[in-house]
There are 2 protein chains.
Amino acid sequence: MRHSLKHVAERAGVSVKTVSNVVNGYPHIRPETRARVEAAIAALDYRPNLSARNLRQGRTGIIALAVPELDNPYFAELTRHIVTAAATHGWTVLVDHTDGDPAREREVAAGIRDHLVDGLIFSPLALTGAELDGTTPTVLLGERVDVVDGLGPADHVAVDNVAAAREATAHLAGAGRRRIAALGVQHTAEGVSARLRLAGYQAALAAAGLPADPQLLAPAERWHRADGAAGIRALLDAGVAFDAVFAFNDTLALGALRALHDAGLRVPADVAVAGFDGIDDGRFSIPTLTTVEPDIERLARLAVDLLAERITGSSQRPPQECLVPHRLTVRESA
Amino acid sequence: MRHSLKHVAERAGVSVKTVSNVVNGYPHIRPETRARVEAAIAALDYRPNLSARNLRQGRTGIIALAVPELDNPYFAELTRHIVTAAATHGWTVLVDHTDGDPAREREVAAGIRDHLVDGLIFSPLALTGAELDGTTPTVLLGERVDVVDGLGPADHVAVDNVAAAREATAHLAGAGRRRIAALGVQHTAEGVSARLRLAGYQAALAAAGLPADPQLLAPAERWHRADGAAGIRALLDAGVAFDAVFAFNDTLALGALRALHDAGLRVPADVAVAGFDGIDDGRFSIPTLTTVEPDIERLARLAVDLLAERITGSSQRPPQECLVPHRLTVRESA
DNA sequence: CTGAAAGCGCTTACAG
DNA sequence: CTGAAAGCGCTTACAG
């Protein structure tokens with residue numbers, strides 16, 4: 001059976017207030033009182049009822065993390081870092097995946113968890129800032145949703161997608177590649193990342209004096225390995241000539257490596273490949289993957305710290321937009 | 001501002017009980033009353049306070065999932081399936097990773113979340129059943145913790161590790177391999193999976209009439225790509241001859257592919273490789289990975305359904321042990 | 001330093 | 001079909 005404060009108080013011969021003080025580490029308690037209470041707590045195996053505490057305090061100690069795909073290595077690594085960072089604030093993390101489904105995202109944004117979470121870290125695909133609930137402290141991950149002044153009450157942590165994509169593409173061009181394909185192009189409203197990375201790619205081509213051939217744009221509705229492989233196969237089937245691929249994420253790039261291998265093309269001799277994310281897989285793939293990787297640990301820590309400021313109300317600053325650093329990691333594939 | 005039942009009741013001119021009835025879908029309510037209440041709910045943007053509901057009902061609608069590593073592809077995929085299955089019961093999932101750290105695991109097992117979760121799905125590395133809290137409905141994932149009769153109150157869902165490992169190894173032997181290395185061997189108390197998979201490996205060798213050469217056992221403290229690569233390198237450096245590798249999981253196998261490649265060995269021509277798990281990576285690696293894969297979706301559904309029975313108390317059956325099916329998927333590597 | 005009491009927002013017998 | 005009231009287990013002014 002579960003015991004309450006009252007039981008402990010009775011057993012220790014004190015009031016519930018005193019027990020509460022002990023439980024919450026209130027300092028000014030007579031040592032012998034504390035000892036008696038602690039003995040009673042141990043004897044009864046008392047543990048506080050968090051629902052009651054939350055009801056009273058209006059806080060739950062839980063933050064929610066909503067990502068499009070839990071089993072995407074990038075988000076899996078991100079999740080781990082968020083969980084770790086949250087632990088330093090004493091929070092546990094409730095993880096949700098939205099599948100990038102607008103309806104699921106809206107549920108999350110509408111605060112479907114209601115008073116259950118103290119805050120939300122949200123990596124939306126489809127959502128615009130306007131749809132955010134506004135009452136729950138929120139930090140947005142990924143690119144800024146492009147509603148002018150639509151940021152609402154949410155802070156924002158992102159990678160500089162344009163710059164990172166430009167660097168990756170420039171690396172390919174700098175290695176003498178002239179026909180660089182872009183893999184992962186999306187034309188849907190959701191594809192904010194895709195649009196920004198495409199812009200970076202195009203900027204790099206322009207800077208290198210390379211023409212922008214629309215034939216080199218390989219669309220991919222999702223960014224899984226299978227989509228990367230399919231995108232490259234489509235390019236090859238269409239007879240498009242290319243000597244490099246900039247994939248908009250690493251799983252696409254891994255799929256590309258496979259499709260190129262199947263076609264008998266050598267990487268990087270025939271085709272150089274660069275990705276985006278820096279997931280662990282790319283360190284061991286054959287060939288290993290050149291990639292531009294955001295400092296994901298920093299991103300996680302930043303997101304959690306910003307959320308902490310909002311939740312504790314320790315800062316009334318206006319919504320903030322932060323960019324985390326990235327760096328190009330050159331390996332075998334390019 | 002957040003509104004309560006009372007506010008809604010006042011606005012609709014009814015008692016809180018009636019509002020509660022409407023919110024909870026109680027059927028016998030006069031249509032016009034219901035309409036008035038619903039209008040008030042909409043007008044005030046009322047949403048129930050879950051902490052209060054939980055306090056009253058003793059349930060939270062949250063289940064916890066504790067896995068050793070969130071960014072291990074196997075657990076990431078598992079987590080996704082658990083989240084999906086939980087959603088069909090109206091539960092959200094609080095995800096924790098323990099890092100296989102006994103202290104963290106004990107925290108989880110001790111019900112550190114206290115009254116916060118209705119149940120727990122737990123994939124322990126180090127823990128024995130004896131350490132389970134016993135008050136929170138729990139389903140254990142992975143192999144049965146080997147305390148005799150120590151299952152306690154927990155149900156159990158697992159893969160038949162011995163059989164699956166035996167099949168993978170038998171496949172290698174059946175292809176004519178005579179010197180099959182085992183990659184991922186662990187001698188620690190935590191390595192229950194490792195011990196069972198080793199047993200399956202040994203059984204297959206015996207059945208094939210192959211000698212069990214201890215030189216062929218490659219230990220790996222963790223089961224990441226890096227460990228797999230290191231294990232193979234150690235074997236090669238030691239001058240051990242082998243023509244096949246059975247890796248105790250797919251990430252080990254992927255690391256092995258890389259190390260073999262670095263050593264100039266062809267897979268499968270020189271060395272055949274088989275893994276365990278069936279993660280997505282293995283469909284696209286070069287070469288693609290032969291593996292024995294448990295039906296992870298079924299495993300997730302089963303775990304959640306068993307937990308549901310415990311939580312609702314709809315069944316008082318004794319703790320149950322379930323094995324989910326697996327199958328060997330032959331691809332290029334073996 | 002400690003106690004008695006109110007109240008957080010729900011649900012649930014108990015009446016009617 | 002609906003209402004008034006108690007109580008889930010905490011924390012927090014308010015006293016002393």
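Just the heavy atoms: all of them, side chains too, but no hydrogens, waters or symmetry mates, feed the values below. Labels below follow one simple rule: chain letters A, B, ... track the order of the sequence lines, proteins then strands, and each chain is numbered from 1.
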Separation of dG3(C) atom C1' from Lys6(A) atom NZ, nearest Å, is 15 Å
Winner on side-chain proximity to Asn49(B), out of dG3(D), dT12(D), dC10(C), is dC10(C)
Here the pair of heavy atoms bringing Trp91(B) nearest to Ile62(B) is CD1-N, 4.4 Å
Checking dT12(C), dG3(C), dG3(D) against the side chain of Thr18(B) (C-beta onward), the nearest is dG3(D)
Looking only at dG3(D), dC1(D), dT11(C), the nucleotide nearest the Ser15(B) side chain is dG3(D)
Open item on the list: Between Ser20(B) and dC10(C), is there a contact of a side-chain N or O with OP1 or OP2 at under 4.0 Å?
Closed with: no
The nucleotide from dT12(D), dC10(C), dT2(C) with an atom nearest the side chain of Tyr26(A) is dT2(C)
* Are OP1 or OP2 of dC1(D) and a side-chain N or O of Arg30(B) less than 4.0 angstrom apart? -> no
task = Classify the nucleic acid contact of Asn24(A) as base, sugar-phosphate or nothing, counting any heavy atom under 4.0 Å across all strands shown.
result = sugar-phosphate
note: Glu10(A), atom CD; dG9(D), atom C1'; distance rounded to Å ~ 13 Å
Arg34(B) CZ to dT2(D) C1', in whole Å, measures 13 Å
Rounded to whole Å, CZ of Arg47(B) lies from C1' of dG9(C) at a distance of 15 Å
Here the pair of heavy atoms bringing Ile82(B) nearest to Val93(B) is O-CG2, 4.4 Å
- Look at Thr33(B) and dT2(D) and indicate whether a side-chain polar atom (N or O) is within less than 4.0 Å of OP1 or OP2. yes
From NZ of Lys17(B) across to P of dA4(D) the rounded distance in Å is 12 Å
Of Arg56(A) and Ile29(B), the one whose nearest nucleotide on DNA chain D sits closer to the 5' end is Ile29(B)
Nearest heavy-atom approach of Pro48(B) to Val23(B) is CG-CG1, 4.4 Å
Heavy-atom nearest pair, Pro68(A) first then Ser123(A), reads CD-O, 3.5 Å
Side chains of His81(A) and Asp71(B) only: does a donor on one sit below 3.5 Å from an acceptor on the other?
no
Quick note, Gln57(A) side chain, CB onward, closest among dT11(D), dT11(C), dC10(D) is dT11(D)
Where DNA chain D forms runs of at least three Watson-Crick or G-U pairs (i with j, i+1 with j-1, under 3.5 Å), the stems are C:1-3 with D:14-16, C:5-12 with D:5-12, C:14-16 with D:1-3
### Query
Between Ser4(A) and dG9(D), does any side-chain N or O lie under 4.0 Å from OP1 or OP2?
no
Of dT2(D), dG3(C), dA6(C), the nucleotide closest to the side chain of Val14(A) is dG3(C)
- [ ] Give me the ring orientation class for His3(A) and His7(A): parallel if the planes are under 30° apart, tilted from 30 to 60°, perpendicular past 60°.
- [x] perpendicular
Q) NA contact type, Leu55(B), heavy-atom cut-off 4.0 Å: base, sugar-phosphate, or nothing? A) base
In terms of heavy-atom contacts, Ala85(A) and Arg301(A) come closest through CB-CA, 4.1 Å
Quick note, Asn21(A) side chain, CB onward, closest among dC1(D), dT11(D), dT2(C) is dT2(C)
What contact category does Leu5(B) fall into here, base, sugar-phosphate, or nothing, at under 4.0 angstrom with non-hydrogen atoms? base
Inset, instruction - Check the side chains of Thr60(B) and Asn54(B) for a donor-acceptor pair under 3.5 angstrom, ignoring hydrogens and angles. - result: no
Separation of dG9(D) atom P from Tyr46(A) atom OH, nearest Å, is 10 Å
Between CZ of Arg36(B) and C1' of dC1(D) the distance, given in whole Å, is 13 Å
